[in-house]
Amino acid sequence: MDSNSEVSISSPVTRFAPSPSGHLHVGGARTALFCWAFAKGRGGKFVIRIEDTDQKRSSDAASVGFLKDLEWLGIRWDEGPVYGAPDGSNVGGGPHGPYFQSERLDIYNHHIQRLLDAGTAYEAWDTTEELEAFRKESLARKEAFRYRSRGEISAEQRAAFVAEGRSAVIRFRAAITPVTIPDEVLGYTVLPAGEVDDFVIRKKDGFPTYHFAVVVDDELMRVTHVFRAQEHFTNTAKHVLLQDALGFRRPVYGHLSIIKNPDDSKMSKRDKDKVLRKAVKERALTAPPQDTVSVEQWTEWLASDNVQLSLDAAIKLAEALGVQLPEINVDDFRRSGYLPEVICNFLALNGWSPGGDVEKFDNAFLQERFGLDRVLKTAAKFDRVKLLAFNTDAMNAMPHDVFVQRCRAHAEIFRPEFLAILDAAKFTLLMKATHERSKTLDEPFKGNMFLLESDESLPFKDDKSVRKALGIGAVREEGVKSGLEHLVAIRAIFEGCTWEHAAIEHAAHEYANAHAAGKIGNVAQPLRVAASGTTVSPPIWDTLILVGKTGVLRRIERCVQWAESLH
RNA sequence: GGCCCCAUCGUCUAGCCCGGUCUAGGACACCUCCCUUUCACGGAGGUAACAGGGGUUCAAAUCCCCUUGGGGUCACCA
């Protein structure tokens, strides 16, 4: 670390600066987590800024939906957009706003004018077609295209352009000299002279480009440490040049490795779109499937890779096409029942480790220990299987009452239909019956959909294990009752049975001792099929109580009928 | 293609900066066994890696070079 960073380390300011989005993807979440942990662990501040300088990706209220995801992960910001957290507290605000770049145009223009006055920026009048032609030329010569000033134009020429209705962009005059990219993770590297071209700093529409806005805002918002994805590595050269031209301080940089999909591609918020585009292409569809997206949306979407479908639209289209959208957003994992503290823990392990054999830790530990010195340079694959294992461990370690409370909170948002049919006693029983076998907060519900079915419509699954349990198609053994026969017999016993755990279990064991050679499994499995439709359910007596006495009796009847109809 | 970055079990990683303690440690996955009324959980074992080639050195996973492989980036997107 140089002396500059040691001064600022006493009270660092980090920032997370995404473009507007309704959802936070895991890569962004990890970046935010590291920025937050670094600043908060050192008594500093964590700032959020919205980089909405692209008018084509217009912003509305839903554009900062990702704030909800951050808050859910336990990542709160000291400065940034104001957000009302679920617990009633307000997050955000601050003295260096506005925190939306689209509201800071005057500020950017002021600094662009300084560059213009100094001659380190200039107007460029090239049309898109002209630029494209340049690029093609470069490509033909197998070179990368680097824009350079094409010389001053006369006042008459300029006036002619204006009269023609043309408008100019402002470009930065980049010195042709080697540029050192400062980076505390990858190490300092020197970019050869000429690699940085005269890049655009103000677009035709008057908005600054990302490069310019970032540099101005990081300075004005007193940002001391910039941690961002490695895809920005080369951009940093541009930012360094701009800082020098503007007379700004230089933050400490740290570029984080990207997170990859299992297939080695970069994990990106566009992955959902990619899956859909591929499916559309493979099927050579020319129009949107019924009840998915409008023709306008469809056309606009397919016209450009930069246009992304809204999440709702994407889900509908995925259903219509029968493809599975990848889980990449924090909210996808929340819906699947993952715990926020586990996601943070797991994310932190992708690209950082505290050393030794320590793997499980919380955000407080992260704050205390996180530093750039242990950030990995290599890209990591996001391993959902290990995430699940971590989640399972956390679920098992959870006190039962906490488990119940968190499942209820999950159900209120994602599984309200269970809350509607289960009274307090049954909800508690379901929780007791599912806790130790649940890997996520969603499993008590997802795995017990049979509870939602009416007794008259519960479907029975026709597969090998069901057939085996009921004895369908099996060779009759002399003196041994089939599962179906057990069902009929025990139904009669259940009719007179008090519907309590002990009574049911006692009756069943008594029956098994008398008629199934004491093998309770021979009775339990057919009952499970009758009550749930499959051979998988929570412990059998709990399952029976959950379904209810009338339900069980009726379901046994229907199960027997169904089985007989199979022959 | 130009430029830049990276490289330890299938995966996430410890070790590397400060060469010997590494016949390379942990976790997830996988395999075997145990537990078990289903599915899970749990318990006990096991398979499994320093990309390749050159150096430097008494000694290299650790330092240097090359090759190969992977990634990023080359927009009036961020």
Side-chain angles (χ1 to χ4, degrees), chain A residues 17-20 51-54 56-57 101 124 126 128 131 135 138-139 141-147 167-171 181 183 185-187 189-192 194-197 199-205 207-211 213-214 228-235 237 255 257-258 260 262 264-266 306 346 349-360 373 376-390 392 395-396 434-439 443 447 465 469 508-509 512 519-525 527-529 532 534-541 543:
Chain A
S19 51
E51 313 234 313
D52 57 347
T53 54
D54 184 1
K56 284 190 288 292
R57 297 190 215 166
Q101 292 186 326
D126 316 79
T128 314
L131 291 174
R135 276 191 200 102
S138 298
L139 196 68
R141 272 181 278 124
K142 299 197 168 189
E143 282 171 13
F145 174 59
R146 303 282 182 243
Y147 187 97
S167 44
V169 299
I170 310 287
R171 282 179 183 270
I181 300 176
D183 187 297
V185 173
L186 267 11
T189 61
V190 180
L191 221 52
E195 277 300 310
V196 180
D197 71 351
F199 56 95
V200 174
I201 56 176
R202 188 170 70 195
K203 299 179 267 188
K204 216 157 40 178
D205 64 7
F207 276 60
T209 57
Y210 160 74
H211 304 298
V214 155
R228 58 188 2 171
Q230 239 171 59
E231 62 201 61
H232 290 293
F233 184 71
T234 329
N235 288 336
H255 292 94
S257 63
I258 58 156
K260 293 189 293 181
D264 269 331
S265 64
K266 177 175 139 191
N306 291 330
F346 187 71
L349 243 24
N350 269 243
W352 179 81
S353 96
D357 292 340
V358 181
E359 266 200 316
K360 302 284 178 69
D373 53 332
L376 274 309
K377 299 176 179 184
T378 44
K381 267 185 220 177
F382 192 79
D383 184 355
R384 288 175 176 75
V385 178
K386 185 160 179 175
L387 206 215
L388 218 213
F390 269 45
T392 306
M395 300 281 292
N396 286 347
T434 50
H435 188 170
E436 72 172 358
R437 72 199 63 244
S438 289
K439 300 181 173 185
E443 275 188 15
S465 54
H509 272 285
K519 289 182 182 167
I520 193 67
N522 291 169
V523 181
Q525 278 307 84
L527 278 172
R528 197 184 301 282
V529 171
S532 74
T534 72
T535 52
V536 178
S537 87
I540 186 61
W541 319 126
T543 301

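Proteins get letters first, then strands, A, B, ... in listed order; numbering begins at 1 in each. We use all heavy atoms of the structure for the numbers below, so side chains are in, but hydrogens, waters and symmetry mates are not.
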Under 4.0 Å between any heavy atoms, over every strand shown, what does P539(A) touch: base, sugar-phosphate, or nothing? Just pick one. base

Heavy atoms only, 4.0 Å cut-off, all strands: where does W541(A) land among base, sugar-phosphate and nothing? base

Sugar-phosphate only, base, or nothing, as touched by K519(A) at under 4.0 Å among non-hydrogen atoms: nothing

What distance, rounded to whole Å, do you find between the two C1' atoms, one in rA29(B) and one in rC12(B)? 11 Å

Across all chains, not counting sequence neighbours, the salt bridge (charged side-chain N to carboxylate O under 4.0 Å, His left out) partners of R135(A) are none

If you check every side-chain atom of A380(A), which of rU38(B), rC12(B), rA14(B) has the closest atom? rC12(B)

Would you classify I540(A) as touching base, sugar-phosphate or nothing, given that sugar-phosphate means primed atoms plus P, OP1 and OP2, and contacts are heavy atoms under 4.0 Å? base

Partner residues of I520(A) under the side-chain contact (heavy atoms from CB on, under 4.5 Å) criterion, sequence neighbours left out: A508(A), H509(A), A512(A), W541(A)

Distance in angstrom units between L349(A) CG and rC12(B) P, rounded: 11 Å

By side-chain hydrogen bond (donor to acceptor under 3.5 Å, both in side chains), which residues pair with K439(A), not counting sequence neighbours? none

Its contact letters, B for base, S for sugar-phosphate only and - for none at protein heavy atoms under 4.0 Å, make nucleotides 69-78 of chain B read -SSSSBBBBB

side-chain contact (heavy atoms from CB on, under 4.5 Å) partners of E51(A), counting only residues at least two apart: A17(A), R49(A), Q101(A), Y210(A), V214(A)

Can you name the side-chain contact (heavy atoms from CB on, under 4.5 Å) partners of D205(A), sequence neighbours left out? Q55(A), K203(A), F207(A)

Name the nucleic acid region contacted by S537(A), choosing base, sugar-phosphate or nothing; use a 4.0 angstrom heavy-atom cut-off, strictly under. base

In 5'-to-3' order, the base (B), backbone-only (S) or no-contact (-) status of each nucleotide in nucleotides 16-28 of chain B, using a 4.0 angstrom heavy-atom cut-off, is ---------BBBS

Tell me what G351(A) touches on the nucleic acid: a base, only sugar-phosphate, or nothing, going by heavy atoms under 4.0 Å. sugar-phosphate

Grab the NZ-P distance between K381(A) and rA7(B) for me, whole Å please. 16 Å

Just to verify, what does E143(A) make a side-chain hydrogen bond (donor to acceptor under 3.5 Å, both in side chains) with, not counting sequence neighbours? R141(A)

Is a donor from one side chain sitting under 3.5 angstrom from an acceptor on the other, for S532(A) and S537(A)? no

Using whole Å, what does the distance between atom C1' of nucleotide rC3(B) and atom CZ of F199(A) come to? 16 Å

Pairing residues for R202(A) by the side-chain contact (heavy atoms from CB on, under 4.5 Å) criterion, not counting sequence neighbours: N109(A), I112(A), I170(A)

